[in-house]
Structure formats: C-alpha cells, structure tokens
> 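Please see the structure below; I have some questions.
Letters A, B, ... are given to chains in the order of the sequence lines, protein chains preceding strands, and every chain is numbered from 1. Owing to the predicted nature of the structure, the values given are computational and were not obtained by experimental measurement.
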Amino acid sequence: MSKEITSREQDYSQWYNDLIIKGGLADYSAVRGCMVIKPYGFALWENMRDVLDKMFKDTGHQNAYFPLFIPKSFLSKEAAHIEGFAKECAVVTHYRLKTDPDGGGLIVDPDAKLEEELIIRPTSETIIWNTYKTWIQSYRDLPLLINQWANVVRWEMRTRLFLRTAEFLWQEGHTAHATANEAIAETRQMLDIYAEFAESWMAMPVIKGVKSINERFAGAVDTYCIEALMQDGKALQAGTSHFLGQNFAKAFDVKFSDKENKLDYVWATSWGVSTRLIGALVMAHSDDDGLVLPPKLAPIQVVIVPIFKGDDQKQLIDEKVRAFVKELKQAGVKVKYDDNENNRPGWKFAEYEMKGVPLRIAIGARDIANNVVEVVRRDTKEKMSMPIEGLTVNIIKLLDTIQESIYNKAFAYRSTHITPADTWEEFMDLLDNKGGFVSAHWDGTPETEDKIKELSKATIRCIPLNNVEEAGSCILTGNNSTERVLFARAY
RNA sequence: CGGGGCGUAGCGUAGCCCGGUUAUCGCGCCUGCUUUGGGAGCAGGAGGUCGCAAGUUCGAAUCUUGCCGCCCCGACCA
C-alpha cells in the first residue's frame with residue numbers, strides 16, 4: 001500500500017487533501033494558494049464545463065471574453081462592490097522588469113510604473129458593464145445574454161485545494177434586461193439550471209434559497225444560491241445567481257430607450273459557478289478508499305483490467321475486450337482498457353478505486369471460459385459476474401443505477417441533517433454535535449445574524465425558496481419571526 | 001493577519017536534543033529474471049546545494065541569528 005488515505009474520522013481535511021492529491025486531481029504549485037489542476041482533474045472540469053455550457057446556450061446565452069485586467073478606477077464605481085472586493089485584489093503596478101544594476105537578477109523597473117494600476121479581475125462586472133455601456137442603446141439591444149469562462153484572482157488569507165484558491169476557474173454570466181421582472185426571471189432561471197446541474201449531473205442535492213443581507217454579493221439587490229451539505233456536516237455554497245437591480249447600470253451609466261422613447265437604466269444579473277464544484281463533488285460522495293465520482297461526469301466511466309498468464313491468454317482477452325469495448329464506445333460509454341503491463345491487477349484495482357471510476361471490469365481466463373466478466377461497483381464495492389452477451393446494455397443500466405444511488409445516499413444524509421431548533425441550547429447542541437443545516441427562526445436583522453455568527457460560527461446559508469410561513473420567535477433575541485431560515489457552519 | 005506544525009533524493013521519512021569518516025530506511029525510478037483474480041519477489045544499479053543566508057567551530061543536516069516557503073487551525077471570503 002503505497003498511497004494511504006487518511007480516514008474521514010481521523011482527520012477530515014487531511015482526508016480531503018489526500019483525495020485531491022492522491023486521486024490525481026490537482027497538485028500544490030510553487031505559488032502560494034494556487035494549485036495545478038492535473039489532467040484527471042481538468043478532465044472532470046471539462047465535463048462539467050461542457051454540460052453547463054450547453055445548458056447556457058440552450059437558454060439563449062452566448063460566450064464572450066473580457067480582459068483579465070481592470071483599471072482600478074472601474075472597481076470604485078459601485079460602492080458596495082468595491083467594499084466587498086478591495087481587500088483581496090492583486091494589483092499590477094508596473095509593466096517592465098530590468099536587470100539589477102547592483103547585480104543579482106531582475107528588479108521591477110521603477111521607470112515603468114503604470115499611470116493607473118490594473119486590478120486582476122476578482123469578478124468582471126465592472127469591465128463588462130463599462131463595455132455594455134457602448135453596446136446598449138435601445139430596447140432592441142436587450143436582453144443581452146452573455147457568459148464568459150475565465151480565471152479570476154482573489155487574494156484569500158487562507159486557501160484550500162479547489163474550495164478556495166487564490167486563482168480559480170469559473171464561468172460568469174452577465175445579462176442586461178429591459179425590466180426588473182425579466183432580470184429577476186433570468187436570475188431564477190439560472191439558479192434552476194445550477195440546481196439541475198448539481199442534482200442531475202453531480203448527484204449532489206442542493207437547497208435553493210436567497211441570501212440574507214449579510215451574505216449578499218457585493219453590489220447585488222438579491223443573491224440567490226444553491227447550498228450543498230458535505231459529509232462532515234458543513235454547508236458549501238455551490239453556486240450563486242444575483243439580481244443586480246440597476247446598481248451597475250447606474251454606476252456605469254448604461255441607459256436604453258424603451259418603445260415610448262423614454263430613457264431608463266437597464267436591469268442586470270450575474271451568476272457563476274467555479275472549480276469549487278470539484279471540491280464539492282469530492283466531499284459529497286467520496287469515501288476512505290478514495291474518490292467516488294458520479295458516472296455522468298466521470299472522466300472514465302468504466303475501466304477494464306485484464307488478468308492473464310502469458311501472451312496466449314493476453315491475446316484471447318484482448319480479442320474479447322476489443323469487441324465489447326467497441327460496442328461500449330459506440331453506446332457513448334467512456335471506457336478505458338488498462339492493459340499496461342507495468343502494473344499488476346491488484347495495483348490497478350486500488351488505483352482506480354482511488355480515482356473514483358464508477359465501474360471496473362476484470363476479465364481473465366476463468367471468465368472467458370464462462371463467457372462472463374467480473375463487474376465491480378465503486379460506490380458499493382459490490383462484485384458481480386455478468387455475461388459478455390448484452391454487456392453494454394447492462395453496463396449502461398448499472399451506470400444509471402450508480403448515478404441514482406449516490407444521489408439517494410447524499411439526499412438521505414442531507415434529509416437527516418436538516419434539523420429544527422427552537423431554543424438557543426438546542427441550536428448550539430445541533431451545531432456542535434450533529435452538524436448539518438439547522439432550521440430556526442431569526443428576527444430578520446443583520447445585527448442578530450452577526451451576533452449569532454459570533455456566538456456560534458454558523459451563518460444563515462439561505463432562506464429556502466420553498467419556505468412555508470410560520471410564526472415563531474428568534475432563536476437568539478426572541479423577537480417575532482415569520483419563517484425559519486437555514487443556519488450552518490460553512491466552507 | 002494571529003496560533004500550531006513542517007522543510008533531508010520524485011514522494012514519504014530516520015538522524016538534530018548530546019557537532020566528528022561514505023547522511024538512514026521505505027515507496028518510486030533504471031537493468032535482468034521470475035511473476036500477474038486486491039497495491040509482486042529476488043538480484044544489481046542510479047539518484048542529495050540536508051529550504052536560503054550569515055555566524056560559532058579544526059569540523060555543521062545537527063548549535064546561534066536572520067530570512068524564505070508550505071501545510072493545518074482560526075478571523076475574511078466562492
């Protein structure tokens with residue numbers, strides 16, 4: 001055993017790091033807080049990206065690309081926005097290096113100071129709205145539905161692989177609309193798309209909700225989110241969709257003429273998900289033996305391991321395998337035949353378990369004699385013997401079963417981890433000893449939320465969209481409340 | 001930014017307290033043979049600015065000072 005994984009029980013964050021590193025998703029880099037996404041991890045991201053990209057395009061969005069650099073003055077145009085991001089911006093101040101006249105390498109050339117510093121985008125609202133100003137004059141230019149796949153930089157104090165890195169990859173949608181209602185509908189539509197993606201593709205149940213004022217995006221009127229629950233009982237914000245009102249239109253003076261030739265500011269949304277989703281995926285399903293990936297996103301869905309003695313057997317196996325691999329591939333299954341002779345079967349079994357490949361097929365002389373293969377599920381470790389005849393259909397069925405099964409497992413965990421609390425003692429006890437979401441009354445004020453956060457380290461994850469009205473009293477202050485909200489400790 | 005930990009071969013480590021020939025062990029790597037149904041065995045081999053810099057000393061991985069980097073826990077955040 002050359003690749004030991006720390007167990008969840010022993011040290012949950014070490015377990016998480018082990019999975020990322022030993023599962024081959026990413027590596028630490030020479031740059032603080034920045035990671036290298038390795039081919040296997042990037043393949044996972046590409047799969048996620050492709051699905052989302054199609055969903056965006058199917059709802060009328062187009063991709064574009066805006067600059068990495070943002071003039072400093074742009075950021076300061078929207079007051080709340082700069083407030084939120086100023087503390088974590090990387091700043092470009094010079095455009096040239098030169099050799100040190102006193103010897104010893106390169107120095108920043110003091111003569112090459114920029115007149116205006118450039119910020120490396122932490123998010124692109126400002127540069128995009130500055131551009132939209134020139135693109136939008138009339139209601140005929142609306143709606144403007146644009147998405148960009150990009151990297152952004154936020155100089156975080158403390159980073160964690162995938163969950164919070166100084167540079168990360170994401171998509172950011174930025175739309176402009178003629179009416180508030182249309183913009184709100186867009187915000188909600190994109191939230192639904194994110195939820196659909198999380199649940200149907202990542203097999204990760206999420207709660208759709210709206211953020212409290214404290215947790216709202218800097219510059220938004222309303223922030224909608226999907227919240228997921230990780231195996232250690234902590235919540236994770238998996239995606240956000242913001243209704244920006246006319247804040248950015250006003251800050252960047254983006255007006256349009258409506259049909260009556262009246263000038264008005266446009267209504268805006270922005271929405272994004274990031275490589276953080278990979279972290280969410282890892283923590284949602286994996287176990288102490290390694291990653292568990294949902295079949296619909298797994299870079300490899302089926303791995304085939306031959307077991308043989310001598311070239312004669314190998315040839316027989318190759319022949320059999322070639323036939324059904326072809327069929328699997330034609331059916332759209334992502335299959336890998338690992339006949340690399342450098343590693344033995346046992347090594348491969350462990351390796352692909354580590355990498356979370358949903359199904360493993362082993363085939364040896366024994367199986368060929370019976371015209372079967374051994375199929376093993378990654379999620380349950382269940383071993384079964386399957387006839388080669390009709391294998392493709394059964395594999396596809398099994399992949400669907402796994403997809404559903406890991407969703408159900410995650411859903412069951414989450415269901416038992418949304419717990420109501422009616423007293424402060426109960427509230428704290430749940431957070432300390434059970435984890436998960438705690439459903440509790442809150443008096444609706446930011447001050448109370450701050451106080452609760454200070455006392456419990458829990459924040460309001462969201463006010464669920466499907467909330468029912470219920471009279472009650474605030475968990476902390478006892479003041480009147482009309483609905484419960486979800487609290488949790490979060491990543 | 002506060003607290004803790006760690007920097008020795010690609011990875012993981014011993015040695016450091018108490019300075020002294022050629023820096024330990026495992027994995028991995030290379031060559032050969034035997035192996036192959038749960039991380040193979042044997043034999044041989046390659047691989048090191050001991051994080052960096054200065055100091056103490058006849059002599060520093062080991063002692064002193066300074067610096068750098070990374071990880072973990074917190075506060076900030078996706």
> Using Watson-Crick or G-U wobble geometry with both distances under 3.5 Å, which nucleotide pairs with B:rG10?
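Across any shown strand, B:rG10 pairs with B:rC27.
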
> Choose from B:rG74, B:rU36, B:rA78 the nucleotide whose nearest atom is closest to any side-chain atom of A:P345.
B:rU36

> Specify the residue among A:R344 and A:W170 whose closest nucleotide of RNA chain B lies further upstream toward the 5′ end.
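Looking at RNA chain B, the more 5' nearest nucleotide goes with A:R344.
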
> In whole angstrom, give the distance that lies between atom NZ of A:K457 and atom P of B:rC76.
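So the two atoms are 11 Å apart, to the nearest Å.
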
> What's the closest nucleotide to the A:W347 side chain, out of B:rU36, B:rG39, B:rC76?
B:rG39

> Just N and O in the side chain of A:K314: are any of them under 4.0 Å from OP1 or OP2 of B:rU35?
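Negative; the distance criterion is not met.
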
> Give a yes/no on whether any side-chain N or O of A:R160 is located under 4.0 angstrom from OP1 or OP2 of B:rC73.
yes

> Taking the ring of A:F487 and the ring of A:F427, is the distance between their centroids below 6.0 Å?
yes

> At less than 4.0 Å, is any side-chain N or O atom of A:R366 found next to OP1 or OP2 of B:rG37? Yes or no.
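So the side chain of A:R366 is outside the cut-off, no N or O lying under 4.0 Å from OP1 or OP2 of B:rG37.
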
> What integer distance in Å separates A:L161:CG from B:rC71:P?
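Distance check: A:L161 CG to B:rC71 P gives 8 Å.
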
> Atom CD of A:E374 and atom P of B:rG37: how far apart are they, to the nearest Å?
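In whole Å, B:rG37 P lies 12 Å from A:E374 CD.
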
> Look through every strand shown and name the nucleotide pairing with B:rG59 as Watson-Crick or G-U wobble, where both distances are under 3.5 Å.
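Pairing partner, where one exists within any strand: none, as none qualifies.
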
> For A:S13, report the nucleic acid contact type (base, sugar-phosphate, nothing); a contact means any heavy atom under 4.0 Å.
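It contacts sugar-phosphate atoms only.
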
> Regarding B:rG38, can its base be found pairing with the side chain of A:R360 as donor and acceptor, where the two atoms are less than 3.5 Å apart?
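Pair found.
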
> Strictly by Watson-Crick or wobble contacts shorter than 3.5 Å, is anything paired with B:rC33, and which nucleotide is it?
B:rG41

> Does any N or O in the side chain of A:H285 come within less than 3.5 Å of the main-chain N or O of A:A203, such that one atom is a donor and the other an acceptor?
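Here the side-chain-to-backbone pair exists.
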
> Within the 4.0 Å heavy-atom criterion, would you say A:E156 contacts the bases, only the backbone, or no part of the nucleic acid?
base

> Counting the atoms with a prime plus P, OP1 and OP2 as sugar-phosphate, which does A:L236 contact under 4.0 Å by heavy atoms, base, sugar-phosphate, or nothing?
nothing

> For B:rA78, take OP1 and OP2 only and decide whether either is under 4.0 Å from a side-chain N or O of A:T123.
no

> Answer yes or no for A:R154 and A:F85: cation-pi contact, defined as NZ/CZ to six-membered ring centre under 6.0 Å and angle to ring axis within 45°.
no

> Pick base, sugar-phosphate or nothing for A:R32, based on heavy-atom distances below 4.0 Å to the nucleic acid.
sugar-phosphate

> May I ask you to check if A:K38 and A:Y40 form a cation-pi contact, with NZ or CZ under 6.0 angstrom from the six-membered ring centre and within 45° of the axis?
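That pair does not qualify as a cation-pi contact.
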
> Does B:rU21 have a Watson-Crick or wobble partner in any strand here, with both distances under 3.5 angstrom, and which is it?
none

> With a 6.0 Å cut-off on the ring centroids, do A:W129 and A:H81 count as close?
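Ring centres of A:H81 and A:W129 not closer than 6.0 Å.
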
> Nearest of B:rU36, B:rA78, B:rC76 to any side-chain atom of A:K453?
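Nearest to the side chain of A:K453 among the choices is B:rC76.
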
> How long is the line joining NZ of A:K22 and P of B:rC27, in whole Å?
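Taking NZ of A:K22 and P of B:rC27, I get 16 Å after rounding.
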
> When the P atoms of B:rC76 and B:rA61 are compared, how many Å lie between them, rounded to an integer?
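Per the computed distance, 45 Å lies between those P atoms.
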
> Do other residues, nucleotides or ligands put more than 12 heavy atoms under 6.0 Å from the CG atom of A:D311?
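Check fails, neighbour count at 12 or below.
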
> Nearest whole Å is fine: how far is B:rU36 C1' from A:D339 CG?
13 Å

> CZ of A:F217 versus P of B:rC76: gap in Å, rounded?
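Checked: the CZ to P distance equals 19 Å.
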
> Any side-chain N or O of A:N17 under 4.0 Å from OP1/OP2 of B:rC71?
no

> What's the OH-C1' distance between A:Y352 and B:rG38, to the nearest Å?
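In whole Å, B:rG38 C1' lies 15 Å from A:Y352 OH.
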
> Any N or O donor-acceptor pair under 3.5 Å from the base of B:rG37 to the side chain of A:K383?
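Between B:rG37 and A:K383, which were checked side chain against base, a qualifying N/O pair under 3.5 Å is absent.
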
> Considering every strand and a 4.0 Å limit on heavy-atom distances, what is the contact class for A:A238: base, sugar-phosphate, or nothing?
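Contact class for A:A238: none.
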
> According to the Watson-Crick and G-U wobble definitions, with both distances under 3.5 Å, which nucleotide is paired to B:rG74?
B:rC1

> When both hydrogen-bonding distances must be under 3.5 Å and the geometry is Watson-Crick or G-U wobble, what is B:rU64 paired with, if anything?
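The answer is B:rA54, by the H-bond criterion.
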
> Give A:S29 one of three labels, base, sugar-phosphate or nothing, depending on what nucleic acid heavy atoms sit under 4.0 Å from its own.
nothing

> Taking the six-membered ring for Trp and the single ring otherwise, decide whether the centroids of A:Y132 and A:H174 are under 6.0 Å apart.
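No, they do not, as the ring centres are separated by 6.0 Å or more.
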
> Just how far, in rounded Å, is C1' of B:rC76 from CD of A:E83?
13 Å

> Please determine whether any donor N or O and acceptor N or O are separated by less than 3.5 Å between the side chain of A:D367 and the base of B:rG37.
yes

> Could you say whether A:A362 or A:T240 is positioned toward the 5' end of RNA chain B, judged by the nucleotide with the nearest heavy atom to each?
A:A362

